[in-house]
Amino acid sequence: MTKTYVKYVAAIVVVGFVIFLSCLSFAADGALGSVKQRAMFCLEQPISNQEAESMRQEIEKGWEKYSQDAAEMEIGQTDAQQKGNRSELLSEFCIWGQKDGVLIVNQDLERNVQADEILLCGNPELVFEDCRMLDREDTDGCLVDEKTAWELFGSVDVAGQKITCDGKDYTIRGIIPGNKQIFAILADTGQTKPAAGMESETGTESETGTEPEAGVEPKKNVLNRITLVKPTGKTVQELYSEWNNRYDVSAKLMDLELLQGMSGLCMLLVPITVCLCIGWELYRQFRKQEHQLRKAGIAVLAVMFLIGFCMFLKHQVQIPDEYIPTRWSDFSFWSTLWKEKNEALRLLAQMPKTNMDRTWMDGFVKVAGFGVLSEVLLLPALLVIRRIVLCKKRKVRDIP
C-alpha cells in the first residue's frame, strides 16, 4: 500500500512538472510572436552600404508615389486600383549585418570593451524591438546592450552618454535588453568622398584611380541579412520572389516558417496526448455504459470536447499555402517539397550565425525542447497512474 501511494504521489508530481514545462514552451512560443511576422533572407555575397541605401530610397519613393495616388482616389481612381498599386510595393525592411569584435571606448572613464557591431539600413525596429529606436537619419546615435553599457559605465542607465568606435564619437540613444555585447549603428552610406588612395566601401578603387595605401586594411562589406515585414495576404515565398526579381542580389530564404512548424508541433505534443487520452476514456465509458440516458450524456460531453479540441487546433495550427498541393494528383509535389525543406534546414544549420540569429534560434530551441521534455515525462507518468487505477479496480472486484 505504501509503495503504491508513493508511486501515485510521484506520478502526480511529474504531471505537475509536465504542466510547468508545457507552460514554459507556450510562453517561449509567445515571445517569438514578432519573429513569426517577419521574413528573413541571407545574401550569398554581402552588399555595400551604398547599395543598401539605394534600395531603401527606391522603396521609399515607391511608398511616396502610393501615398500620392491614394490622395487621388476622390478624382477617379478605384479601390481595386489602389490595392493593385499597393500589392506591387515591398513592405518595411531592414538590411543589416554584423562586424565581429569591434573596440568600443569610453574615453572619460578610460574603459574599453569588444562588442559585435550591427550595421543597419532601413527600419531598425525590425531588428531591435525592446528599446528606444534610432531615427533613420541619426548617424551619430547608437544602441548598446546592457552588458556593454555596464562594462563601459558600470550602469545600464547610460542614454545620452558618449562612446567612441573606429575614431568616431557616438551618443547612446537606447539600451538593448540582454548581455550579448552588441553595438548597433546606422550604416554609413558614404556621402563623403573617400580619401585619396583609400578603398571605397564597395571594395573598388577610389575615384582617384590610385591603389589602396600599403598597410591599410580596406573596409569590408558586411550587410548580408534582410528582414522584412510579412504583410497580410502575401506568403514568404512571394516576398522572396519579389525581392529577387526587383534587385540584382542573390539571396536565400531563411525558412523560419519551417522552424516554427517543427517547434510548434513539439509544443503541442502534451496537449494532443492529453486530449487523446481523455477522448479514449470517454469512448470506453460510452461503450461500457448500459443506461441510455447516461450514454447520451457521455456522447454529448464527447461532442463538446471534440469541438473544443478542433477549435484549439484551428487557433494553434496554421498550414502555409506552399505545403498544400494545387492538384491532388501531383505526386511529385511531396518529394520536391521534402528536398526544398531539407535544403532550408541545411542552410539554417550551416550559415554563419550572428548575435541576432541566436536570439530567435534560442527561442525556437526552447519551444521545442520544453515541449519534447514534457512529453517524455508525461508518458511514463500516465502509464503509472493507469496501472495504479487498474490495480485498485482489481482489488475492488476481488472483495467478496
Side-chain angles (χ1 to χ4, degrees), residues 18 21-42 91 126 129 225-243 251-276 308-328 330-351 353-354 356-379:
V18 165
L21 290 176
S22 185
C23 290
L24 289 180
S25 182
F26 275 87
D29 183 72
L32 290 171
S34 60
V35 175
K36 296 175 184 178
Q37 304 304 319
R38 306 284 189 261
M40 297 187 186
F41 307 148
C42 178
S91 59
L126 301 183
E129 297 180 351
R225 297 297 167 83
I226 304 173
T227 301
L228 300 97
V229 174
K230 187 168 60 176
T232 304
K234 278 190 179 181
T235 66
V236 174
Q237 290 291 343
E238 289 173 343
L239 282 176
Y240 177 65
S241 299
E242 286 181 14
W243 188 274
K252 291 185 177 181
L253 174 64
M254 298 168 61
D255 199 344
L256 301 187
E257 286 186 341
L258 177 60
L259 288 184
Q260 178 185 344
M262 295 171 63
S263 62
L265 177 61
C266 296
M267 177 186 70
L268 294 176
L269 286 176
V270 168
I272 290 175
T273 301
V274 171
C275 289
L276 289 177
F309 179 58
C310 291
M311 291 179 63
F312 170 77
L313 288 182
K314 181 180 179 181
H315 177 72
Q316 294 293 333
V317 179
Q318 297 178 354
I319 302 177
D321 293 338
E322 63 175 311
Y323 288 81
I324 303 175
T326 55
R327 293 180 292 106
W328 292 108
D330 186 6
F331 300 107
S332 63
F333 171 83
W334 302 108
S335 59
T336 303
L337 181 64
W338 177 262
K339 292 179 181 178
E340 289 178 355
K341 297 309 171 183
N342 275 338
E343 292 177 0
L345 281 178
R346 192 177 298 112
L347 171 66
L348 291 173
Q350 296 178 354
M351 70 179 189
K353 306 298 189 298
T354 67
M356 307 313 300
D357 294 327
R358 295 188 184 98
T359 300
W360 54 261
M361 292 192 75
D362 288 348
F364 284 121
V365 169
K366 287 179 181 179
V367 175
F370 287 137
V372 171
L373 181 58
S374 59
E375 177 71 8
V376 170
L377 294 175
L378 176 64
L379 293 177

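Side-chain atoms are counted along with the backbone in the values below, which use heavy atoms only and exclude waters and symmetry mates. Sequence positions, counted from 1, serve as the residue numbers for this chain.
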Hits for side chain to side chain donor-acceptor pair (under 3.5 Å) against T336, two or more places apart or cross-chain, chain-then-number order -> none

Taking only distance into account, with no hydrogens and no angle test, what donor-acceptor pairs under 3.5 Å do side-chain atoms of residues 252-262 form with protein atoms, sequence neighbours excluded?
residue: D255; atom: OD1; partner: E257; partner atom: N; Å: 3.4
residue: D255; atom: OD1; partner: L258; partner atom: N; Å: 3.1
residue: D255; atom: OD2; partner: K341; partner atom: NZ; Å: 2.6
residue: E257; atom: OE2; partner: K230; partner atom: NZ; Å: 3.2

Those residues at least two apart in sequence (or on a different chain) that pass side chain to side chain contact (heavy atoms under 4.5 Å, CB included) with L265 are none

Taken in chain and number order and not counting sequence neighbours, the residues that satisfy side chain to side chain donor-acceptor pair (under 3.5 Å) with S335 are none

Between L348 and M361 the two heavy atoms that sit nearest each other are O-CE, 4.2 Å

Residues pairing under side-chain hydrogen bond (donor to acceptor under 3.5 Å, both in side chains) where one sits in residues 361-377, two or more places apart or in two chains, turn out to be T273-E375

Taken to the nearest 0.5 Å, the spacing of I272 CD1 from M267 CE works out to 9.5 Å

- Task: Decide yes or no for W334 and P325: does some side-chain heavy atom of the first lie under 4.5 Å from some side-chain heavy atom of the second?
- Result: yes

| query | How far apart are the C-alpha atoms of L378 and V274, what are their side-chain angles, what is the distance that settles it, and do they pass the side-chain contact (heavy atoms from CB on, under 4.5 Å) test? | reply | CA-CA 9 Å; L378 176 64; V274 171; 4.0 Å; yes

Sorted by chain and residue number, the side chain to side chain contact (heavy atoms under 4.5 Å, CB included) partners of F312 (sequence neighbours excluded) come out as F26, L268, P271, Q316

Across all chains, not counting sequence neighbours, the ring pair (Phe, Tyr, Trp, His ring centres under 6.0 Å) partners of Y240 are F41

Notebook entry, point to check: With a 4.5 Å heavy-atom cut-off, do L228 and L126 have their side chains touching?
Noted result: no

d(S263 OG, F364 CZ) to nearest 0.5 Å is 5.5 Å

Rounding to 0.5 Å, atoms CZ (R225) and CE (M40) come to a distance of 9.0 Å

Between D357 (side chain) and T354 (backbone), is there a donor-acceptor pair under 3.5 Å?
yes

Across all chains, not counting sequence neighbours, the side chain to side chain contact (heavy atoms under 4.5 Å, CB included) partners of V376 are V372

